[in-house]
Amino acid sequence: MDKRQRTWMWVAVAASILVGLLLVWNDSAPGWFLIIMGVVYLGMLTRPGQEVAASNPRLVRWGLVGTLLLVLVAAVLAAIILIQ
């Protein structure tokens, strides 16, 4: 990863976590998703994270799909609880 890509990744991490925290502060469930994605982006910046992604792309893809499904299930459960 070159310097320009790292810079944009850090901008994405900061924006994702900051907007996520603002949304969570306003009791909005999508904020948790943004915080989780910010942490995932932060993990991608580390050398071990890049090595794992390069050597096991299927594992990384399924990890992302699993995270998205987990957030979706949490949002549905929150919606059900709020409706009742």
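Quick caveat: nothing in here was measured; it's all calculated off a predicted structure.
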Listed partners of [X] passing side chain to side chain contact (heavy atoms under 4.5 Å, CB included), at least two apart:
{"X": "V11", "answer": "W8"}
{"X": "L69", "answer": "V65"}
{"X": "F33", "answer": "M37, L68, V71"}

Which side-chain N or O atoms in residues 16-23 pair as donor and acceptor under 3.5 Å with protein atoms at least two apart or in another chain?
| residue | atom | partner | partner atom | Å |
| --- | --- | --- | --- | --- |
| S16 | OG | L34 | O | 2.4 |
| S16 | OG | G38 | N | 3.3 |

Open item on the list: With a 4.5 Å cut-off on side-chain heavy-atom distances among I, L, V, M, F, W and Y, is there a chain of contacts connecting L72 to I35?
Closed with: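 L72 and I35: separate clusters.
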
Open item on the list: Clusters formed by hydrophobic residues whose side-chain heavy atoms approach within less than 4.5 Å: which one holds V73, and what are its other members?
Closed with: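 L77, all in the cluster of V73.
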
